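Below is one structure, written out as structure tokens; the observations come after it.
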Amino acid sequence: MAVTDGLRIAVVGCGYWGSKHARVLHSTDGVDQVVLVDAYEVRLRNLARSYPNALCFASLEAALPHIDAVVVATPPTSHVPIALEAIAAGKHVLVEKPLAPTSAEARKLITAAAQAGVVLMTGHTFEYNPAVWKLRELVHSEVLGDVYYLDSARLNLGLYQNDVNVILDLAPHDVSIINYVLGEPPVAVQAWASRHAHPRFEDVAYLRLLYADPRLSANIHVSWLDPCKVRRVTAVGSAKMAVYDDLAADERIRVLDKGVSPSLNTDDLTQPPMSYRYGDITSPYVASDEPLGVQDAHFALCILTESTPNTDGVSGLAVVEVLEAAQLSLQLDRPVRLEELSPDRAPALVGGSGIFRSPARPWLRDHAPQEEPQNAWHRGHAATVTT
Ligand SMILES: NC(=O)c1ccc[n+]([C@@H]2O[C@H](COP(=O)([O-])OP(=O)(O)OC[C@H]3O[C@@H](n4cnc5c(N)ncnc54)[C@H](O)[C@@H]3O)[C@@H](O)[C@H]2O)c1
């Protein structure tokens, strides 16, 4: 559906995150009008006070004749019906993370958008974050050497959600960052999670992502029940290590010239088994652009130029598949391969071309896998799930 003039974009769901979309869209190039939609009248009225000229509606249906595109910022379980309604009316759609609760529903959205000829974008905000671009650049430029593993922690006291557990609420961020930084999705996922303060949903979870290259892995720790707010991704390589701290006022990325290697004389038990290296800590420049502003500007640009977003429906599906495999892993008490979700699924193209993409992981060139991945992910990862 070609739009050549100023865009009219509706924000459906004017809560915590939708109100931020409304703010950035008001100063986004190419956007002429921001329309506010919320089923909860008080929310709508409160936000409308900041935007006296905005059109306001209690439902998407009522807003449809006045808009070209929709940002879906409602709770996750309502993403799919709202996005399908918008797509059926020929509107371009940006769906907040996670794109859908299941991979089958994510595929349904991708098919519907393709048939309607509209843009479908996923709100993977961290993929529009200059610090994450820098981390990806470090990983791909071999500064860190061979990357052993990534480790991501997203902890805080709350915010508990009404409709999903902590995996579906917080882990979409970590999975999208890890998929983007590595340029490839995992082949299998194992999850551990537990319910403490919430009657129905797990509030603490650990995910382990396993890759085709058995020497690579990623760990994710998400929690609504932690005394400390943590937003940190660590990349540990054979040469150096990098830490991305999203809460740091400055030096959000630090590169640490630290490492270990086996001692030369391993027969001498009086000597330590490893030798340690402590070197410089440097902090590369990271632009301070607001990721949500970059993301929403990209959405507007993709509509106006009829191009595919960097975080399109397929990128959203790639994240949903990992989340779904994690949920299944909790139920089955074992690691779950992504191909188990849908054996004939097309491979996810998370490392495809795009303005933020760089070449595939260079260290793979010189290191052929030493063992069959299907054995590697299973062995040594005995399931110990607590639900
Ligand atoms: N990308 C990010 O960094 C990020 C950060 C936070 C939240 N989110 C996502 O944003 C979405 C919203 O989260 P939130 O924290 O703002 O939730 P919220 O509860 O604060 O707001 C949701 C709003 O949606 C409205 N709503 C619900 N169903 C509706 C419907 N059918 N039609 C119209 N309005 C409806 C509610 O009345 C509420 O005002 C979630 O999908 C969440 O995962 C993304």
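In listed order, ligands and their atoms are each counted from 1. Here the structure is a predicted model, which is why all the values come from computation and not from measurement.
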Check: Any N or O on Gln161 sitting closer than 3.5 Å to an N or O of ligand 1?
Finding: no

Item checked: Asp68 with Arg8: basic N within carboxylate O range, under 4.0 Å -> yes

Note to self: Under 4.0 Å between a side-chain nitrogen and a carboxylate oxygen: does that hold for Asp151 and Arg208?
What the structure shows: no

Item checked: Enumerated ligand 1 atoms positioned under 4.0 Å from heavy atoms of Pro75 -> 22 (C), 24 (O), 27 (C)

Notebook entry, point to check: Should the pair Tyr160 and His198 be assigned to parallel (<30°), tilted (30 to 60°) or perpendicular (>60°) ring geometry?
Noted result: parallel

Next item on the list: Report, in ascending order of atom number, the atoms of ligand 1 lying under 4.0 Å from any heavy atom of His173.
Entry: 1 (N), 2 (C), 3 (O)

Notebook entry, point to check: For ligand 1, which atoms have a heavy atom of Thr125 less than 4.0 angstrom away?
Noted result: 1 (N), 2 (C), 3 (O)

Margin query: Can you see whether Ser263 engages Gln271 through a side-chain donor-acceptor pair at a distance of less than 3.5 angstrom?
Written below: no

Notebook entry, point to check: When you check the side-chain N and O atoms of His21 and Glu96, is any donor under 3.5 Å from an acceptor?
Noted result: yes

Note to self: What protein heavy atom lies closest to atom 10 (O) of ligand 1? Include the residue and the distance to one decimal.
What the structure shows: Glu96 CG, 3.5 Å

Checklist line | atom 11 (C) of ligand 1 - nearest protein heavy atom and its distance | finding: Thr74 O, 3.3 Å

Notebook entry, point to check: Under a heavy-atom criterion of less than 4.0 Å, does His79 contact ligand 1?
Noted result: yes

Next item on the list: Would you mind running through ligand 1 and noting each atom that sits below 4.0 Å from a heavy atom of Gly123?
Entry: 1 (N)

Next item on the list: Answer with side chain, backbone, both or neither: which part of Leu159 has a heavy atom less than 4.0 angstrom from an atom of ligand 1?
Entry: neither

Item checked: Selected option - heavy-atom contact closest to atom 8 (N) of ligand 1, from Tyr128, Phe57, Trp17 -> Trp17

Margin query: Within ligand 1, which atoms have a heavy atom of Ala73 less than 4.0 Å away?
Written below: 11 (C), 12 (C), 22 (C)

Checklist line | Close N or O approach (Asp169, ligand 1; < 3.5 Å) | finding: no

Check: Does one side chain, of Tyr244 or Asp246, offer a donor that lies under 3.5 Å from an acceptor on the other?
Finding: yes

Note to self: Distance under 4.0 Å to a non-hydrogen atom of Gly13: what atoms of ligand 1 satisfy this?
What the structure shows: 23 (C), 24 (O), 25 (C)

Next item on the list: Give the numbers and elements of all ligand 1 atoms closer than 4.0 Å to a heavy atom of Gly15.
Entry: 16 (O), 20 (O), 21 (O), 23 (C), 39 (O)

Checklist line | Polar side-chain atom of Tyr128 near backbone of Thr311 as donor-acceptor pair, under 3.5 Å | finding: yes

Next item on the list: Say whether Ala39, considering both its backbone and side-chain N or O atoms, lies within less than 3.5 Å of an N or O atom on ligand 1.
Entry: yes

Note to self: What I want to find out is whether Asp174 reaches Arg154 closely enough, with some N-O distance under 4.0 Å, to be called a salt bridge.
What the structure shows: yes

Next item on the list: Determine, using heavy atoms of Lys20 and all atoms of ligand 1, whether some pair is separated by less than 4.0 Å.
Entry: no

Notebook entry, point to check: Taking only heavy atoms of Val12, which atoms of ligand 1 are found under 4.0 Å from at least one of them?
Noted result: 33 (C)

Next item on the list: Establish whether atom 24 (O) of ligand 1 and some protein heavy atom are separated by less than 4.0 angstrom.
Entry: yes

Check: Counting heavy atoms only, which of Leu170, Val164, Ile82, Val95 comes nearest to atom 31 (N) of ligand 1?
Finding: Ile82

Note to self: What I want to know is whether Arg43 and ligand 1 share at least one N or O pair that is separated by under 3.5 angstrom.
What the structure shows: yes

Margin query: Could you check whether any side-chain N or O of His79 sits under 3.5 Å from a backbone N or O of Pro98, counting only pairs where one atom can act as donor and the other as acceptor?
Written below: yes

